[in-house]
Amino acid sequence: MAHFTSLDELSTHEIERLIGRGLQLKQGAPVQPLPTKTVANLFFEHSTRTKCSFDMAEHHLGLHILPFETATSSVQKGETLLDTCKTLQAIGVDALVIRHGETGYYEQLQQQLSIPIINAGDGSGQHPSQSLLDLMTMYEAYGHVTGKTIVICGDLRHSRVARSNTQVLQRLGATVIGSGPREWFDETMGIAYRKMDEAVATSDIIMLLRVQHERHVDDYPFATEAYHERYGLTEKRMKWIRPDAIVLHPAPVNRGVEIAEALVEHPQSRIFDQMTNGVFARMAILERAFETSTTKETR
Ligand code: NCD
């Protein structure tokens, strides 16, 4: 069963194959349409990019999309996620794309379902499709990530993007460092902390994160301007970055907080390229889900 819940489940060979496939699809490689297959997209947390790019990827693959809205579903009557998924499986859905606020929600589901689950983000856990599109964007810039230094800046503790990316980048031979507020630095991620000025000046890839207000239990301790000055990519810091460095952000971007307004579309920013790449990364992921011969990988 080709679930896609965490990149940790895939061999490095399989990850590189998916990056390559995403890049080929972007170049216009032909696809094998899948019109006999039906997918449902279950988004229990808000989403623009991930949901719309999964929709777009599904359209490009000729998949049928079964409309599902959490707000009008029986989840509102107390039905569990497992029963919702089992219902969709019972009525003939062939794969489920799920975003859910509970970290690791998929662990129980993958034991109990016979159709693939594609994780579109779980709480503060994993965001493997985001990591794949981030990797595609890095490979477009450098051809690989081995030996590259990536700084991930901001709310690391609450970020599934930070967690997913750190794990896969380290496996692929990159050095990952963290920056941003010390109180949101996560020692369990196994990366070194650097102050923002030094971190941005010495990295090949600068990945900014949105503050995950929805996952905070304590009040937000910073005024917007203070956060930007201390931990954001300001216009001043931008002058120090390497000439070939690239700037990433999974978005949604809070302009003037994590990144200065004028830098979002700076020539070294790849933020909108990431969004474009998301469609092709997700096509590669969906193709894999429907490859009948795929068995669970060993690392
Ligand atoms: C991210 C997410 O939802 O984890 N967004 C996304 O998928 N592009 C990051 C975020 O919401 O800050």
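In listed order, ligands and their atoms are each counted from 1.
Between the R99 side chain and the H46 main chain, a donor and an acceptor come within less than 3.5 Å of each other.
If you look at P252 next to ligand 1, the close heavy atoms, those under 4.0 Å, all belong to the side chain.
Residue contacts with ligand 1 do not include G121, since none of its heavy atoms lies under 4.0 Å from the ligand. Heavy atoms of E45 come nearer than 4.0 angstrom to ligand 1 in no pair at all.
Under the 4.5 Å side-chain criterion, counting only non-hydrogen atoms from C-beta, I150 is not in contact with T175.
Shortest contact from atom 3 (O) of ligand 1 to any protein heavy atom: R160 NH2, 2.9 Å. Here the heavy atom of the protein found nearest to atom 8 (N) of ligand 1 is P250 O, 2.9 Å. With respect to atom 7 (O) of ligand 1, the closest heavy atom belonging to the protein is H127 NE2, 2.7 Å.
Counting only N and O atoms by type, the side chains of R163 and H127 include no donor and acceptor under 3.5 Å apart. Counting only N and O atoms by type, the side chains of T103 and D122 include no donor and acceptor under 3.5 Å apart.
Within the listing of ligand 1, atoms 10 (C), 11 (O), 12 (O) sit less than 4.0 angstrom from a heavy atom of R210. Annotation for ligand 1: atoms under 4.0 Å from non-hydrogen atoms of A251 are 1 (C), 5 (N), 6 (C), 8 (N), 9 (C), 10 (C). Each of the following atoms of ligand 1 lies closer than 4.0 Å to a heavy atom of Q130: 6 (C), 7 (O), 8 (N).
Pairs engaging residues 26-35 under the salt bridge (charged side-chain N to carboxylate O under 4.0 Å, His left out) rule: K26-E140 [sequence neighbours left out]. Listed by first and then second residue, the salt bridge (charged side-chain N to carboxylate O under 4.0 Å, His left out) pairs involving residues 239-251 are D204-R242 (not counting sequence neighbours).
Annotation for M189: atom CE counts as buried by contact number, over 12 foreign heavy atoms lying within 6.0 Å.
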